[in-house]
Amino acid sequence: IRPVVLKEVKKIMECGDPDKGYAIYACTHCNTFKHVPFRCKSRFCNTCGMKYVHDRANKLSSKLINCTHRHIVFTIPQELRIFFREDRSLLDVLFEAASQTIFAWFYSQNKSENFIPGFICVLHTFGRDLKWNPHIHMLITEGASGNITVWRHFKHFPYEMLRKRWQTTLLFMLEQRLGKDKFRRIKNSLYKANKDGFYVHAKSSMDKRKHVVNYVVRYTGRPVMAQSRIIGYDGSMVTFWYERHEDGQKVTEHISAIDFIKRLIIHINEEQFKTVRYYGLYARKHKNQNRLIRMVSQNTLKVRTM
């Protein structure tokens, strides 16, 4: 068991325990007191994790450019998942490959303009069934700022091309990190098995503020599983449900508590690991930054903290 797992689980078990400290609030009118125990502030905790998500959503949504955004998901084949579990430092490669895939395509649209979009990448290591399945969720502007042009709309994203570019970029970076001797055979086999590239899924555009905020709340650092999905526990077996991605059908699983815990703790990230990262216009200044600020100021969003 990784040290960070022991640390995070201990924090969750002590979350809200008054013996670990609390704050006292007093009313000067009626002389009543209220004791509020301290929380663990762990993102793995369902209670504290959701508060973290809403706090982040408030901060993030105020930065969004006032334009249509699109949600893109970059996935990897099952054969690659074990590499990222054995060496978690490779998770950085997923971010690098996804961002380079996007930057390279925008650059190819007009090399002199070198259009830069704004996008946010979120790493999820879990699938709906809680199994290890690292993938990148991306929220990207349907537009970009160039060296000359302040803003140009990009409504068409060629997903067939993005799949192949994503595949090539990711496999090249993994080979650089793992070495040709170790990775060359699996790399060649993946090219043969995935001639259309690795799957890149794009949901419909989000042009309403409410949709963008809902995306931010749902995908930026949410806990691995909502407690509402656990429908039974008899002391040794856990019953939970999930909606199968392929056909939208509700699936119920009945597994031992030990196996359930195993599925959860593999998704605890190492300390200081950033699961949400900003790129392009959302990460750095651009020569048209002052004019883009006007677009940002028109889209200051607020998310209600629940």
Pairwise side-chain contact, [X] with [Y], heavy-atom cut-off 4.5 Å (strictly under):
| X | Y | value |
| --- | --- | --- |
| Val36 | Ile24 | no |
| Ile261 | Ile265 | yes |
| Thr141 | Phe119 | no |
| Asn133 | Thr125 | no |
| Asn110 | Phe115 | yes |
| Glu243 | Lys250 | no |
| Met13 | Lys10 | no |
| Arg277 | Ile120 | no |

(message) Quiz question: by atom type and distance under 3.5 Å, do the side chains of Ser42 and Glu8 form a donor-acceptor pair?
(response) yes
(request) Scan side-chain atoms only and decide if Ser89 and Arg177 contain a donor-acceptor pair under the 3.5 Å cut-off. (result) yes
Can you confirm if the aromatic rings of [Y] and [X] lie within a centre distance of less than 6.0 Å?
| X | Y | answer |
| --- | --- | --- |
| Phe260 | Tyr233 | no |
| His135 | His137 | yes |
| Tyr199 | Phe74 | no |
| Phe83 | Phe183 | yes |

(request) Provide the closest heavy-atom pair for Arg229 versus Val224 in the form atom of the first, atom of the second, distance. (result) NH1-O, 4.3 Å
(request) Could you tell me which non-hydrogen atom of Glu271 sits nearest to which non-hydrogen atom of Val4, and how far apart they are? (result) CG-CG2, 3.7 Å
(message) One thing to verify: whether Glu113 and Arg152 come together as a salt bridge, which I'm taking to mean a side-chain N less than 4.0 angstrom from a carboxylate O.
(response) no
(request) May I ask you to say whether Lys182 pairs ionically with Glu175, meaning some side-chain N is under 4.0 Å from a carboxylate O? (result) no
[X] atom [atom1]: more than 12 heavy-atom contacts under 6.0 Å:
| X | atom1 | value |
| --- | --- | --- |
| Asp247 | CG | yes |
| Tyr22 | OH | no |
| Tyr191 | OH | yes |
| His153 | NE2 | no |
| Ile82 | CD1 | yes |
| Lys187 | NZ | yes |
| Asp181 | CG | no |

Donor-acceptor pair, distance only, cut-off 3.5 Å: does the side chain of [X] make one with the backbone of [Y]?
| X | Y | result |
| --- | --- | --- |
| Asn147 | Ser112 | yes |
| Gln176 | Phe172 | no |
| Ser99 | Glu96 | yes |
| Tyr282 | Ile65 | yes |
| Asn46 | Met225 | yes |
| Arg2 | Ile268 | yes |

(request) Please work out whether the ring planes of Trp132 and His267 are parallel, tilted or perpendicular, with thresholds of 30° and 60°. (result) parallel
(message) Could you walk me through whether Glu160 and Arg165 satisfy the salt bridge (charged side-chain N to carboxylate O under 4.0 Å, His left out) test, starting with their C-alpha distance in whole Å, then the side-chain angles of each, then the deciding distance to 0.1 Å, before giving a yes or no?
(response) CA-CA 9 Å; Glu160 292 183 1; Arg165 192 186 291 267; over 6 Å; no
(message) What verdict does the side-chain contact (heavy atoms from CB on, under 4.5 Å) test give for Phe240 and Arg263, after you've listed the backbone C-alpha separation in whole Å, the side-chain angles of each residue and the deciding distance to 0.1 Å?
(response) CA-CA 12 Å; Phe240 68 97; Arg263 288 199 195 183; 3.8 Å; yes
(request) With Glu14 as reference, evaluate Lys41, Arg39, Lys20 under the salt bridge (Lys or Arg N to Asp or Glu O under 4.0 Å) test and give the passing residue. (result) Lys20
(request) Test Ile116 against Phe106 for side-chain contact (heavy atoms from CB on, under 4.5 Å), laying out the working first. (result) CA-CA 7 Å; Ile116 302 293; Phe106 274 91; over 6 Å; no
